[in-house]
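Everything on this sheet refers to the single structure shown next.
All heavy atoms count here, side chains included; hydrogens, waters and symmetry mates do not. Every value quoted in this text rests on a predicted model; they were computed, and no experiment measured them.
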Amino acid sequence: MRVIYSYAAAAMVPWALLVAGAFFGAPFAVLALLALTLGTALLDTWMSPPAPSDPPDPNAERVSILLALAHLTLIPVVLAGLMAGNMGLGGNLALFLAAASWLGQISHPNAHELIHRPKPGLRWLGAAVYTTMLFGHHVSAHKLVHHTHVGTEADPATPRHGESFWSYVPRAWSGGFQAGLEAEREQAVRRGDQPELRQTPYPIWVGGAALTCLVVLLAFNFGSLIAFLALCALAHLQILISDYIQHYGLARLTLPSGRPEPVAAHHSWNAPRGFSSLLMLNAPSHSEHHMHPGRPFDTLQTTELQAPRLPYAMPVMAVIACIPALWFRVMDRRAVKVMSAAQERLSARYPTQEPGPAETEQDLRSALVGR
């Protein structure tokens, strides 16, 4: 089987189990949840990361379109299953958690892939996926802010060293919304337009979210709207935890010119594993994506790139990140080691560089080693 079809199969099998759970009952919902959690963890220990395509597989776009359409159908199907009330509390909980996991682990990486594609239709399809998760502003914040300012204080999505995930969430969410809007206004000025809200896509992001909620309310009932909002909240947490995990403690140091160093491999954590890399469209191979944002997911290097690696797969690291004391114990020393090596390389390249913010930040990292 061609590698590209493995990506589709990894995502669509739990989707099919979710749909079956919504229509036929709790056993399928439980299987979907197990497939996305325990099954992923087990398969990651047995499978090697997928080999990159060379040249890009033309079917990669078709896979992304398929997953986007699966997302758009999954939401009403799951809500109908939850509102049917024939699975009991345990069945409903399994269906809810499995659906939230699918949104965070599959819909988000796929929408992220789509918004980076050059074809406008694909970009808008990715935006539609994010908007129906009530996270449309991520399209602006990710492309215009995160990719430009990653590893600096100007990027709300870059976690600060020593910052817990639970402290990061409100700052990153609100900061991303505001920074994305400001970036869109700057884009409008560069086009020769006025920096007004209507000259940005934010009315689409916010209006689309409101319209989605209205459709859910009219199609089902108030209880379904609450369930939908809860699903989106868990999806948001998974989107934010991805950025938190992939950039924790990795900063771009300051060059003698006063500008941040260029984005490089050591500015992102990577977790290439066999099954989770398929499930998340190689999102765990994050360094190369930041260095080459336009590269299709199937061409990203999973094993060759010399970049910082997380000790466990992304889903496991997400669980660890939810426990700040454990996260700091696992990650602080690793982050310090990466940044110390980066500082040594920069000092060797610019031996006369005066101490500045970069060294001050490094001192903070060193102080945090004693956690």
Side-chain angles (χ1 to χ4, degrees), residues 68 107-160 163 167-215 229 232-233 235-237 239-240 242-244 246-247 251-252 254-255 257-263 267-268 286 289-295 357:
S107 286
H108 161 50
N110 184 56
H112 167 263
E113 174 69 19
L114 286 167
I115 65 174
H116 279 289
R117 299 278 55 82
K119 295 179 182 178
L122 295 179
R123 294 200 303 270
W124 280 109
L125 182 59
V129 172
Y130 276 127
T131 300
T132 53
M133 289 194 287
L134 314 185
F135 210 60
H137 72 271
H138 185 71
V139 179
S140 299
H142 180 79
K143 294 182 68 178
L144 301 180
V145 182
H146 181 56
H147 270 276
T148 301
H149 301 293
V150 64
T152 73
E153 292 186 358
D155 175 32
T158 296
R160 298 161 180 161
E163 181 178 33
S167 297
Y168 167 82
V169 166
R171 181 182 68 79
W173 200 105
S174 61
F177 188 96
Q178 296 165 8
L181 177 57
E182 183 59 32
E184 290 286 4
R185 283 177 164 154
E186 292 173 1
Q187 289 274 84
V189 171
R190 282 193 287 270
R191 292 193 306 265
D193 296 325
Q194 294 297 315
E196 298 175 358
L197 183 63
R198 61 187 179 86
Q199 299 293 346
T200 76
Y202 267 65
I204 299 175
W205 308 152
V206 177
L211 179 61
T212 303
C213 290
L214 180 61
V215 169
L229 292 175
C232 290
H236 291 196
L237 285 175
I239 294 170
L240 293 172
S242 295
D243 280 335
Y244 180 84
Q246 290 168 327
H247 295 290
R252 289 158 67 188
T254 306
L255 298 176
S257 64
R259 298 173 62 86
E261 63 179 326
V263 176
H267 294 130
S268 299
H286 206 57
H289 168 68
H290 267 279
M291 295 163 65
H292 308 285
R295 286 190 180 173

Work out which heavy atom in [X] is nearest to a heavy atom in [Y]; give both atom names and the distance.
| X | Y | answer |
| --- | --- | --- |
| Ala251 | Glu261 | O-OE2, 3.9 Å |
| Cys213 | Leu229 | SG-CD2, 4.0 Å |
| Pro159 | Asp243 | CD-O, 4.0 Å |
| Val145 | Ala179 | CG2-O, 3.5 Å |
| Ile115 | Gly126 | CG2-C, 3.9 Å |
| Gly176 | Ala141 | O-CB, 3.3 Å |

Ignoring hydrogens and geometry, is there a side-chain-to-backbone donor-acceptor pair from [X] to [Y] under 3.5 Å?
| X | Y | result |
| --- | --- | --- |
| Ser167 | Glu163 | no |
| Arg252 | Val150 | yes |
| Arg123 | Pro118 | yes |
| Tyr130 | His137 | no |
| Tyr202 | Phe177 | yes |
| Arg191 | Gln199 | yes |

Any chance you could measure [X], atom [atom1], to [Y], atom [atom2], to the nearest 0.5 Å?
| X | Y | atom1 | atom2 | answer |
| --- | --- | --- | --- | --- |
| Thr212 | Met133 | OG1 | CE | 11.0 Å |
| Thr200 | Leu144 | OG1 | CG | 10.5 Å |
| Glu196 | Arg185 | CD | CZ | 9.0 Å |
| Trp173 | Leu237 | CH2 | CG | 12.0 Å |
| Glu186 | Arg190 | CD | CZ | 6.0 Å |
| Tyr168 | Leu240 | OH | CG | 5.5 Å |

When the ring planes of His147 and His142 are compared, do they come out parallel, tilted or perpendicular, using 30° and 60° as the limits?
perpendicular
Return the orientation label for the His146 and His290 ring planes: parallel under 30°, perpendicular over 60°, tilted otherwise.
perpendicular
Side chain to side chain contact (heavy atoms under 4.5 Å, CB included), that's the test. Do Glu113 and His289 meet it? Break it down for me.
CA-CA 10 Å; Glu113 174 69 19; His289 168 68; 5.9 Å; no
Do [X] and [Y] have side chains that approach each other closer than 4.5 Å (heavy atoms only, starting at C-beta)?
| X | Y | answer |
| --- | --- | --- |
| His236 | Leu134 | yes |
| His138 | His108 | yes |
| Thr158 | Glu153 | no |
| Pro203 | Leu197 | yes |

Evaluate whether atom CZ of Arg259 has more than 12 neighbouring non-hydrogen atoms of other residues, nucleotides or ligands under 6.0 angstrom away.
no
Between His247 and His286, does the ring centroid distance fall short of 6.0 Å?
yes
